[in-house]
Amino acid sequence: MEPATGRQPPLLEVVDLHTHFVTPRGIARAVDGVSFRLERGRMLGIVGESGSGKSVLSRSIIDILARDGTVRYRGQVVFEGRDLRQLPPKAMRDVRGRDIAMVFQDPMTSLNPVMKIGLQLTEVLTRRRGFSARAARTRAIELLNAVGIADPERQLACYPMHLSGGMRQRVAIAIALAGEPKLLIADEPTTALDVTIQGQILDLLQRLQRQRNMAVILITHDLGVVAGYADEVAVMYAGQIVERSETGELLRRPRMPYTEALMKSVPLMSAPPHTRLQSIPGLPPNLLDVPGGCRFHERCRYAREDCSERMPPLTAKSGSDHHFACWYPLAAGAEA
Amino acid sequence: MAYLRKRLLHLIPVFFLVTFASFTLVNLLPGDVVDAILADDQAANDPELRRQIKADLGLDKPLLVRYVVWLGDLSQGDLGRSYITGKKIGDLLVQRIPVTLQLMVMSLVFALLLAVPLGILSGYRSNRAIDRWISGGAFGIVAIPPFVTAILFIWVFAVLLDLLPAAGHAPMFFGVWQNLKYFILPMLAIGLSEVPIFLRVLRVDMITTLQEDYIALARAKGLSTPYILFRHALRPSLFTLVTVLGLQVGRLISGLVIVENVFALPGIGKLLIDAIDARDVLVVQAIVTFSAIAYVVINLTVDVLYAILDPRVSQRPGMA
């Protein structure tokens with residue numbers, strides 16, 4: 001909710017970001033005009049189905065998409081008042097790992113299988129923050145303690161294969177924390193883990209966020225995860241943000257039919273018992289050939305004729321921070 | 001360790017197979033060692049003399065008997081004597097192997113020093129201009145056999161520029177440079193022919209590795225590109241290269257035979273050709289046996305290297 005005070009710029013402001021991939025079959029619009037802002041110490045949940053562009057968005061922010069010449073960016077990513085897209089490569093490297101860190105979906109693949117945990121953790125400290133080898137080791141043990149890893153000294157000499165999935169994700173979080181980032185981007189950090197571990201990792205992220213006043217972007221396909229942890233939510237569909245609001249407000253009063261459909265497709269604690277889960281008919285659009293007008297209209301039960309003709313902008317009523325992109329929004333008072 | 005012991009046991013059947021096959025094949029060669037021994041002799045056609053020589057050499061006995069006798073001598077560390085010169089074959093090998101080994105190691109080191117950075121660069125910038133230039137150059141080189149490059153190098157560096165000797169050998173005690181300068185051209189000829197293969201396999205593995213999440217994470221850590229390429233990406237990309245390295249050694253041995261002859265380097269390749277010319281069967285036999293064992297041992301080393309490259313290998317069951 002908190003409206004921007006104007007005294008200080010937000011930590012992160014993404015303005016009309018486009019990330020397109022040039023493929024032999026045409027241009028894939030993975031991220032297509034995304035704008036949002038994030039204040040210090042807040043947790044933003046970005047929710048969407050697979051293929052909605054949320055992972056590409058997270059990688060675009062710190063510019064780590066493969067440099068194979070197929071990526072086209074447009075728009076701004078303003079971090080602490082500086083547009084990261086305009087930074088020279090050297091300065092951008094200083095932002096990565098220090099100002100903004102990242103945790104990936106699958107800790108089985110995001111840790112280097114042939115390097116010991118210790119080196120993967122200390123290299124950020126020694127190569128980026130000027131720690132001596134001895135100081136880095138001490139700090140690494142502190143970090144592993146902070147993420148709840150038992151017997152950290154011994155784990156430093158382990159390879160990732162010696163650790164369970166949950167432990168690996170804790171290590172990955174410790175690596176992200178090593179640079180003391182102001183913003184942590186977590187791309188589906190619990191999707192690859194057992195359900196029993198998921199809550200532990202999310203609790204850990206939330207605790208660290210509060211302790212360190214660190215902003216977090218939590219990317220997930222699971223609205224239930226967002227409901228429990230995020231301060232704000234942005235719903236992504238086909239490369240665009242279609243609804244964005246403070247979490248409680250969004251869950252109580254979704255305005256965009258896609259958000260409603262998403263809520264009805266997952267069990268939520270806020271829903272009455274024995275509520276039937278509903279799947280969303282059809283498939284997310286092919287990003288090589290997105291439908292005209294509102295991108296959701298083909299699957300929307302409320303769609304009218306003109307929905308396929310004009311693309312609704314992401315707007316909010318005056319005095320509200322609840323943004324949505326829909327010509328015929330759900331009634332503001334209606335329960336989902 | 002149990003794994004290593006199993007691999008060493010594999011050596012035994014390989015040893016018998018290779019030595020018996022080469023023993024048989026060498027004896028099937030047309031021509032006769034007696035002709036070589038009596039080449040300048042007036043009495044070359046005296047049947048009694050010929051039989052006498054054959055009996056002295058043990059050649060009047062059946063093939064299988066000779067093989068068993070050879071095995072028996074070998075088990076005592078005796079490789080026999082050359083039919084022609086009468087020298088001990090063991091001593092011959094001890095003289096010649098260091099020359100070949102030096103050429104082989106120098107060539108491989110040279111090839112890897114060139115191929116690894118180029119392969120990394122090529123994989124990192126795949127399908128960009130620099131990759132196309134490197135790949136194009138590699139295809140050009142692979143099309144030329146080493147003996148052609150050898151002759152080309154002799155012409156350019158020895159004849160036109162007069163920088164290096166065209167052929168010959170100087171032992172180490174003449175001085176390091178004296179020794180090395182005879183090796184440079186053969187090293188270039190053999191090493192260069194290995195570069196394209198090493199480079200191509202490393203490039204492909206590099207491209208695959210660079211798509212891994214852990215590379216994305218390394219970039220998200222803000223590490224520099226050279227550090228990521230050499231420290232994070234190289235080691236997981238070396239598997240095929242190491243495999244090919246082991247297999248190429250076999251091809252290298254035949255390449256060495258030709259190049260040693262072109263440059264008159266007294267290694268086992270030169271020895272082999274001379275021995276075949278003279279139908280000096282036991283010398284040929286010793287060299288073939290030595291190369292086969294060397295080949296197996298090198299590929300065993302490759303297996304051990306896998307475990308060093310990836311700690312997961314040694315803990316994976318059923319690696320055999």
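Here is the naming used below: chain letters follow the sequence lines, and residue numbers restart at 1 for every chain.
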Any donor-acceptor pair under 3.5 Å linking the side chain of [X] with the backbone of [Y]?
X      : Y      : answer
A:R96  : B:R219 : yes
B:K221 : A:Q120 : yes
A:N112 : B:H232 : yes

#### Entry: chain A contacts, top residue of B:L217, B:L210, B:T225 (heavy-atom pairs, under 4.5 Å)
B:L217
### Message
Need one label for B:L309: side chain, backbone, both or neither, based on atoms under 4.5 Å from any heavy atom in chain A.
### Response
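Backbone only.
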### Message
Does any backbone or side-chain atom of B:R125 lie under 4.5 Å from a heavy atom of chain A? Answer side chain, backbone, both or neither.
### Response
neither
Can you see which heavy atom on [X] is nearest to which on [Y], and at what distance?
X      : Y      : answer
A:M102 : B:A220 : CB-CB, 4.1 Å
A:V114 : B:P236 : CG2-CG, 3.8 Å
A:R59  : B:A216 : NH1-CB, 3.9 Å
B:G222 : A:R93  : O-NH1, 3.0 Å

### Query
For chain B, which of A:A101, A:P181, A:P113, A:G179 has the most heavy-atom pairs under 4.5 Å?
A:P113
### Query
Based on non-hydrogen pairs under 4.5 Å, which of A:I62, A:I175, A:V103, A:D94 is most in contact with chain B?
A:I175
#### Entry: Atom pair CE/CG of A:M161 and B:D310 - distance to nearest 0.5 Å
7.5 Å
#### Entry: Over 12 foreign heavy atoms within 6.0 Å of CZ, B:R235
yes
### Query
So do B:Y227 and A:E123 actually touch side chain to side chain, heavy atoms under 4.5 Å?
yes
### Task
With a 4.5 angstrom heavy-atom cut-off, could you sort out which part of A:L119 is near chain B: side chain, backbone, both or neither?
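Contact with chain B is through the side chain of A:L119 alone.
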#### Entry: Which portion of A:M115 sits near chain B, non-hydrogen atoms under 4.5 angstrom
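Answer is side chain: those atoms of A:M115 sit under 4.5 Å from chain B.
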